[in-house]
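Reviewing the structure listed below.
What's counted below: heavy atoms across the whole structure, side chains too, no hydrogens, waters or symmetry copies. Chain A is the first sequence line, chain B the second, and so forth, proteins listed ahead of strands; every chain is numbered from 1.
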2 protein chains.
Amino acid sequence: MRIVSWNVNGIRAAIRKGIDGYFDSLDADIWMLQEVRALPEQLPKDWNWPEGYSVHLHPAEKKGYSGVTTISKDPMEIVQVGKNGEHDPNDSEGRVIVSKHGEMICINTYLPSGSNKVERQEFKEAWMEEWRQFIHPYLQLDTPVIVCGDLNIAHTEDDIWNPKGNARQSGFLPHERQWFSDLLDDGWHDVFREHVGEGVKTYSWWSNRGQARAKDRGWRIDYFLLNPAAKKAVKSVSIKREGGLEISDHAPVILDLEY
Amino acid sequence: MRIVSWNVNGIRAAIRKGIDGYFDSLDADIWMLQEVRALPEQLPKDWNWPEGYSVHLHPAEKKGYSGVTTISKDPMEIVQVGKNGEHDPNDSEGRVIVSKHGEMICINTYLPSGSNKVERQEFKEAWMEEWRQFIHPYLQLDTPVIVCGDLNIAHTEDDIWNPKGNARQSGFLPHERQWFSDLLDDGWHDVFREHVGEGVKTYSWWSNRGQARAKDRGWRIDYFLLNPAAKKAVKSVSIKREGGLEISDHAPVILDLEY
DNA sequence: CTTGGTATG
DNA sequence: CATAACAAG
């Protein structure tokens with residue numbers, strides 16, 4: 001079973017640029033997309049999600065902003081949208097979908113960016129704490145739980161091209177990095193890091209400014225966090241740095257499980 | 001002597017699309033441009049107006065909106081910007097430049113569009129009356145006066161592709177057409193129409209919607225209006241329908257005088 | 001349908 | 001630097 005997490009930076013632009021080719025070639029069982037930036041009715045009328053997939057799109061109230069989508073080759077059950085229910089005023093921004101695929105649970109997450117305004121950094125930090133508590137009960141399940149998405153935080157110095165220069169930037173602040181460590185202490189497994197080991201610098205996002213992408217000046221901010229039940233089933237995790245870069249400023253993260 | 005009037009629909013986009021080639025090939029002595037949609041400091045730093053020309057850009061207060069520019073191969077004197085002076089509250093939209101080239105006077109005009117909102121149609125109509133009075137004194141001069149620009153009005157059924165279907169559209173309303181007739185009654189010469197004669201349907205603007213341009217469903221809304229002293233010197237007037245269409249939704253109008 | 005501004009990332 | 005909404009034409 002293959003699961004892909006990908007911040008597509010606008011599904012409509014991604015469609016124009018040929019995301020369908022990636023749906024075909026990567027052939028995942030479950031795709032969790034972030035930053036779709038569209039209402040369902042805004043998708044092109046002559047376009048469809050991959051044939052036969054179940055689709056759930058959870059948009060932000062604000063048009064053209066944020067929004068997550070989970071699609072699944074096999075039928076899925078939508079357990080919850082929004083981290084505290086659909087009418088949670090704290091999730092009118094389309095940031096969480098919880099879906100159930102057989103016994104496995106997936107939590108698709110797009111954590112707020114704090115890099116623009118102080119209010120947004122404060123919002124991000126409140127959101128981080130709520131979300132950490134929200135996912136915590138899932139950790140204990142004996143069945144696999146897959147949390148993934150764009151968390152807008154690079155954890156260690158291995159997860160960012162220039163740790164010194166970015167030490168005061170939102171997304172690499174000491175308390176944000178500590179929060180990520182706390183998640184791991186809770187018991188979540190950052191399976192990409194566990195898979196490749198320490199010291200490997202592989203990024204999942206590059207700024208559009210300058211030549212960041214060409215120079216591989218990136219950040220790893222897109223993650224798979226697994227509970228122990230799911231971790232046991234990991235076959236491999238990779239970041240498809242080579243591909244998808246003409247589609248989005250983020251690369252797809254691919255998780256293969258032995259089911 | 002050659003004078004060109006052209007609504008460029010954003011000089012910055014026009015530069016990207018290669019307006020310089022037209023500056024070179026048409027080689028006019030005076031260019032009067034409308035809808036430049038830029039402040040002087042917003043023009044690309046690695047770009048210049050044609051070598052040796054005097055330039056005056058009169059922008060709107062609102063960024064990226066309206067604005068006219070007159071450039072002249074020979075030195076010119078800027079007589080006035082705005083139909084009632086620079087600080088006229090009714091001309092903060094960059095719509096008029098009066099320039100003097102030797103004994104000849106040029107009045108570069110971008111008349112408001114009324115096609116979006118009723119308030120703008122009311123603004124347009126007030127502006128039309130003020131402008132008609134503003135240019136009137138120039139009519140009597142024994143020296144040549146060249147009024148030109150985008151007047152956002154098609155005069156007769158020869159000046160629009162579908163007169164019946166547009167009879168209730170701003171730009172072809174009966175009282176707008178009457179206002180244009182009044183200008184001619186005042187003594188201004190619509191030298192393009194006089195040159196080609198009645199019954200010839202040649203347009204200067206095509207909507208970007210549908211296939212208006214490909215189907216030649218246009219309007220003639222860009223004019224040269226000359227006083228009798230200037231009219232005597234007309235060698236030819238033409239609308240460069242074939243060219244310039246990849247630059248703007250308007251075609252350049254070319255006036256050749258025997259000087 | 002296109003320009004350009006703005007918000008957001 | 002890119003996506004998308006918007007205002008304006």
query = Could you state the interatomic distance from OG (Ser99(B)) to CG (Asn108(B)), rounded to the nearest 0.5 Å?
reply = 7.5 Å

OP1 or OP2 of dA2(D) under 4.0 Å from side-chain N/O of Asn9(A) = no

query = Does the base of dG9(C) carry an N or O that pairs as donor and acceptor with the side chain of Arg209(A) under 3.5 Å?
reply = yes

Heavy-atom check, side chain of Asn162(A) versus side chain of Phe172(A), under 4.5 Å = no

query = Atom CD of Glu119(B) and atom P of dG9(D): how far apart are they, to the nearest Å?
reply = 11 Å

query = Within this structure, what is the CZ-to-P distance between Phe123(A) and dG9(C), rounded to whole angstrom?
reply = 10 Å

ask   = OP1 or OP2 of dG9(C) sitting under 4.0 Å from any side-chain N/O of Tyr65(A)?
value = yes

query = Looking at DNA chain C, which of residues 12-20 of chain B put a heavy atom within less than 4.0 Å of it?
reply = Arg12(B), Ala13(B), Arg16(B), Lys17(B)

inquiry  = Need to verify one output field. Residue with the more 5' nearest nucleotide on DNA chain D, Asn152(B) or Ala38(A)?
reply    = Ala38(A)

query = Closer to the 5' end of DNA chain D via nearest nucleotide, is it Gln211(A) or Val36(A)?
reply = Gln211(A)

request  = Ignoring backbone atoms, test whether Lys117(B) places a side-chain nitrogen or oxygen under 4.0 Å from the OP1 or OP2 oxygen of dA8(D).
outcome  = yes

task = Enter the distance from Asn9(A):CG to Asn208(A):CG here, rounded to the nearest 0.5 Å.
result = 7.0 Å

message = Is the positively charged end of Lys83(A) above the ring of Trp127(A), judged by distance under 6.0 angstrom from the centroid and angle within 45° of the axis?
response = yes

request  = Take atom CZ of Arg37(B) and atom C1' of dC6(D), then tell me their distance rounded to the nearest Å.
outcome  = 12 Å

ask   = Side chains of Ser66(B) and Tyr110(B): does their closest heavy-atom pair fall under 4.5 Å?
value = yes

remark   = Between CD of Glu93(B) and P of dA7(D) the distance, given in whole Å, is 17 Å

ask   = So which nucleotide from dA8(D), dG9(C), dA7(C) ends up closest to the side chain of Ser113(A)?
value = dG9(C)

inquiry  = Tell me the interatomic distance from Asp150(A), atom CG, to dT8(C), atom C1', rounded to whole angstroms.
reply    = 14 Å

query = Roughly how many Å is it from CD1 in Ile247(B) to P in dT2(C), rounded to a whole number?
reply = 14 Å

ask   = Atom NE2 of His250(A) to atom C1' of dT8(C): distance rounded to whole Å?
value = 12 Å

task = Take the protein atom CD of Gln169(B) and the nucleotide atom C1' of dG9(D), then report the distance between them rounded to whole Å.
result = 13 Å

query = Which nucleotide sits closest to the side chain of Asn208(B): dT8(C), dC1(C), dT3(C)?
reply = dC1(C)

message = So Gln42(A), base contact, sugar-phosphate only, or nothing? Heavy-atom distance under 4.0 Å.
response = sugar-phosphate

task = May I ask you to check if Arg220(A) and Phe192(A) form a cation-pi contact, with NZ or CZ under 6.0 angstrom from the six-membered ring centre and within 45° of the axis?
result = no

ask   = Which of these nucleotides, dA8(D), dT8(C), dT6(C), is closest to any side-chain atom of Lys62(A)?
value = dT8(C)

query = Is it true that the NZ or CZ of Arg120(B) lies under 6.0 Å from the centre of Phe123(B)'s six-membered ring and within 45 degrees of the ring axis?
reply = yes

message = Less than 4.0 angstrom from a charged side-chain N to a carboxylate O is my criterion; do Lys164(A) and Glu157(A) meet it?
response = yes

